[in-house]
Amino acid sequence: MHIGSTVTVSFRALRRNAMRSILTALGIIIGVGAVIAMVSIGNGAKSMVEAQIAALGQNVLLIFSGSVNQGGARSGSFGAGTLTIEDADAIQREITTAIAISPEVRTSAQILANGLNWSTQILGEGADYLNIREWPLSDGTMFSDADVRGVGKVCIIGQTIVTQLYPDISPIGQTLRIRNQPFKVVGVLAAKGLSVQGTDQDDLVIVPYTSAMKRVAKQTMLRSINVQAGNADLIERTQNDIISLLRQRHRTTEQTDDFTVRNQQEIADAANATSNTMTLLLGAIAGVSLIVGGIGIMNIMLVSVTERTREIGIRLAVGAHGKEIQLQFLTEAVVLSAFGGTIGILVGIGASELLSRLNHWPTLVSATAVAVAFLFSAAVGMIFGYYPARKASLLDPIDALRYE
Amino acid sequence: MTPVVKIEDVHKIYDSGEVKVHAVRGITLDLYKGEMMALMGASGSGKSTLMNTLGCLDRPTSGTYLLDNIDISTLDRNELADLRNEKLGFVFQGFNLLARTTALENVELPMLYGKRRVRSREMQERAMHCLDIVGLSDRADHFPSQLSGGQQQRVAIARALVNQPQVLLADEPTGNLDSKTSVEVMGVFQKLNDEGITIVMVTHELDIANYCKRNLVMRDGRVVSDTPVANRSIAETEMKRIHEAEAAAKLIA
Ligand SMILES: Nc1ncnc2c1ncn2[C@@H]1O[C@H](COP(=O)(O)OP(=O)(O)OP(=O)(O)O)[C@@H](O)[C@H]1O
Ligand SMILES: [Mg+2]
């Protein structure tokens with residue numbers, strides 16, 4: 001018999017028991033659907049984390065006060081301020097591979113403008129901050145180095161501030177009061193939207209870090225320093241140079257460090273490891289349901305072989321070879337599972353679409369997952385269909401015909 | 001001329017554990033092309049067993065079987081299957097049609113397993129032709145459950161014919177039929193036999209056996225008589241007589 005007629009015969013047989021075929025395929029549909037949906041959720045989370053890390057900017061290093069290298073009674077990261085403006089100046093001066101740096105302070109404050117008020121986060125940064133973060137302005141200009149040196153009363157604002165305080169007028173050139181200090185708005189940031197955690201990234205005001213320290217927060221210490229290395233190959237060297245410079249300045253050793261330097265890659269790796277584990281775990285759970293689906297197919301195929309013993313006998317009697325019977329049952333199993341796989345892929349894509357709509361979970365249907373799930377479901381049919389098919393092929397024509 | 005079927009001292013012993021049943025005890029038989037033989041005998045005398053052996057569905061326990069000069073004891077399982085497909089047509093005692101499969105698809109079945117690939121167009125045409133021979137071309141897309149016993153039997157005959165076999169083996173082809181339908185089936189057989197197909201059929205009824213050219217009677221696995229039919233019935237004439245009788249009955253009623 002030829003493969004074409006085998007497939008025809010298999011389809012005829014499956015059609016004869018349409019309801020049973022659909023129920024059998026349901027196991028695979030659910031299995032594959034679950035795999036696709038789970039992997040989509042995992043991938044979506046991963047891509048969001050990646051986007052967030054990319055949003056930190058290119059080749060970025062982050063220095064923050066406090067140490068996370070050891071336990072004991074040390075404060076955690078961003079704990080007691082230990083980084084000073086002098087540290088930042090020294091890095092700027094001595095680390096030649098660092099092309100841009102931006103010292104950072106953070107505080108939150110009530111702001112007033114246009115007769116309206118709003119509570120928001122105030123970020124004190126250097127003039128290079130937006131370059132490091134690769135965050136464009138939608139209007140106006142970034143404050144300058146001179147503004148930073150001169151403790152200037154200038155600020156740039158996020159889109160949320162625009163909607164909250166300047167609903168009808170252009171904010172550029174307007175005055176904004178932060179803790180009762182007037183600041184002139186010189187620029188408006190492009191919209192960034194929600195972060196993975198769901199916080200509004202556009203709800204902020206950026207002022208020169210000097211102004212933030214002296215006029216707003218009244219602090220003398222920096223929270224962190226953003227550093228951009230010249231290129232990806234220089235990241236590690238820059239990181240090491242910064243560490244030895246700060247150790248020298250703070251008179252610390254690896255054991256007593258009161259600062260931490262993280263590069264973007266390390267942050268990305270940690271985040272990726274988490275989301276990879278999650279994807280794998282979700283995929284594995286879904287994979288189990290696929291195997292359960294396969295067992296369902298085997299069960300039905302076994303029933304089918306017993307039930308159709310007479311049919312097998314007739315086919316053998318009119319000249320079918322054992323191999324052809326085996327091929328027929330195997331094809332039936334594979335057609336069932338591949339059909340289930342195809343529907344399952346559609347269900348999975350639909351489910352992940354639904355999840356991202358309803359729960360605002362990021363999902364990403366990957367072509368690899370679709371291909372793997374389809375091949376895997378066909379393989380499940382092949383593996384679990386093999387035994388029943390083999391059993392059918394070994395029947396003796398006379399015994400099979402006589403079977404009641 | 002060499003016989004199409006030649007069996008020599010064939011024995012068949014069913015060995016189902018404790019009891020051994022000696023169903024066929026040494027049968028020697030030659031069948032030539034164009035013969036039409038009725039196989040008769042009491043229930044349990046070994047007719048079906050002999051037919052299964054002739055049909056290459058089962059191997060004899062001992063003895064030789066030459067089909068068209070091929071010694072079937074030298075063939076493996078698959079070669080036997082090919083032989084059944086190409087040279088033999090088998091009509092089973094209980095029709096053995098595939099359920100929930102149309103008459104046409106049932107008749108197409110042997111062509112699916114042929115060595116030569118048959119296009120589905122040709123398959124349909126040949127199956128329709130065979131259904132036409134048995135007078136069922138108008139029921140091609142009916143399922144067995146929608147056909148009467150006689151019609152199912154005729155579908156089974158069409159299936160046995162579709163690969164143009166040399167030998168047609170029919171185990172009680174009229175066993176479940178009324179006498180009129182039986183005559184119809186015998187008409188089909190006689191027509192096929194006239195075209196050169198060798199036919200062996202099992203029957204319990206003497207008048208049916210009388211449509212054949214040769215009668216073989218078995219008892220306890222042995223041949224007890226093997227006689228040519230002297231005054232053979234012709235199905236066509238018989239049908240005419242039945243029709244006339246029916247018409248007469250209608251007139252009276
Ligand atoms: N598979 C089997 N296993 C054991 N014994 C069997 C088997 N098939 C048939 N027999 C025995 O062989 C003997 C002959 O059986 P067979 O079926 O050939 O009879 P038959 O002449 O066709 O009878 P009937 O007219 O009732 O169909 C019987 O005694 C029967 O019980
Ligand atoms: Mg019998």
Side-chain angles (χ1 to χ4, degrees), chain A residues 1-22 300 303-332 335 389-404, chain B residues 12 14 16 48-49 51-53 55-59 76-102 104-120 123 143-145 156 159-163 165 169 171:
Chain A
M1 184 145 85
H2 306 269
I3 189 76
S5 7
T6 313
V7 173
T8 314
V9 169
S10 304
F11 269 107
R12 277 180 190 168
L14 290 175
R15 213 181 37 213
R16 253 183 273 143
N17 270 311
M19 191 61 192
R20 181 201 276 184
S21 304
I22 288 166
I300 289 299
V303 171
S304 179
V305 167
T306 312
E307 213 182 56
R308 286 156 64 190
T309 302
R310 236 168 198 284
E311 173 193 329
I312 295 165
I314 294 168
R315 290 179 187 279
L316 288 170
V318 300
H321 290 192
K323 278 269 174 285
E324 290 167 330
I325 299 291
Q326 185 174 354
L327 193 64
Q328 181 197 330
F329 277 86
L330 208 53
T331 309
E332 271 178 43
V335 165
R390 175 113 190 105
K391 208 178 138 184
S393 74
L394 292 177
L395 286 172
D396 182 71
I398 278 289
D399 291 344
L401 278 172
R402 231 179 245 136
Y403 184 86
E404 292 303 327
Chain B
K12 179 70 192 179
Y14 290 112
S16 49
S48 292
T49 306
M51 289 294 271
N52 289 342
T53 309
C56 295
L57 288 165
D58 216 352
R59 292 172 191 276
D76 68 16
R77 198 174 135 91
N78 288 340
E79 288 165 330
L80 274 186
D82 291 339
L83 207 63
R84 288 197 294 272
N85 186 264
E86 289 161 17
K87 296 194 195 278
L88 297 169
F90 211 106
V91 182
F92 300 97
Q93 194 161 1
F95 329 118
N96 270 335
L97 297 178
L98 292 188
R100 276 171 289 174
T101 304
T102 64
L104 190 73
E105 283 172 3
N106 263 293
V107 178
E108 283 177 357
L109 197 63
M111 286 185 278
L112 286 179
Y113 298 107
K115 271 197 193 137
R116 188 174 73 84
R117 173 165 195 156
V118 187
R119 308 214 151 273
S120 62
M123 232 182 316
F143 294 117
S145 57
R159 182 176 66 193
L161 292 177
V162 81
N163 270 350
L169 301 160
D171 199 348

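All chains are named by letter (A, B, ...) in the order of the sequence lines, taking the proteins before the strands, and each is independently numbered beginning at 1.
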Passing candidate, side-chain contact (heavy atoms from CB on, under 4.5 Å) with Gln326(A), options His321(A), Arg390(A), Lys391(A): Arg390(A)
query: Can you tell me how far the CG atom of Leu98(B) sits from the CD1 atom of Ile314(A), to the nearest 0.5 Å?
result: 5.0 Å
task: Nearest 0.5 Å please: distance from the CD atom of Glu108(B) over to the OG1 atom of Thr101(B).
output: 11.0 Å
Side-chain touch Tyr14(B)/Thr49(B), heavy atoms, less than 4.5 angstrom: yes
message: With a 4.5 angstrom heavy-atom cut-off, is it the side chain or the backbone of Leu97(B) that approaches chain A, or both, or neither?
response: backbone
message: Does any backbone or side-chain atom of Ala99(B) lie under 4.5 Å from a heavy atom of chain A? Answer side chain, backbone, both or neither.
response: backbone
query: Does any heavy atom of chain B fall under 4.5 Å from the side chain of Arg16(A), the backbone, both, or neither of them?
result: both
task: Check whether Arg100(B) gets within reach of chain A through its side chain, its backbone, both or neither, counting any heavy atom under 4.5 Å.
output: both
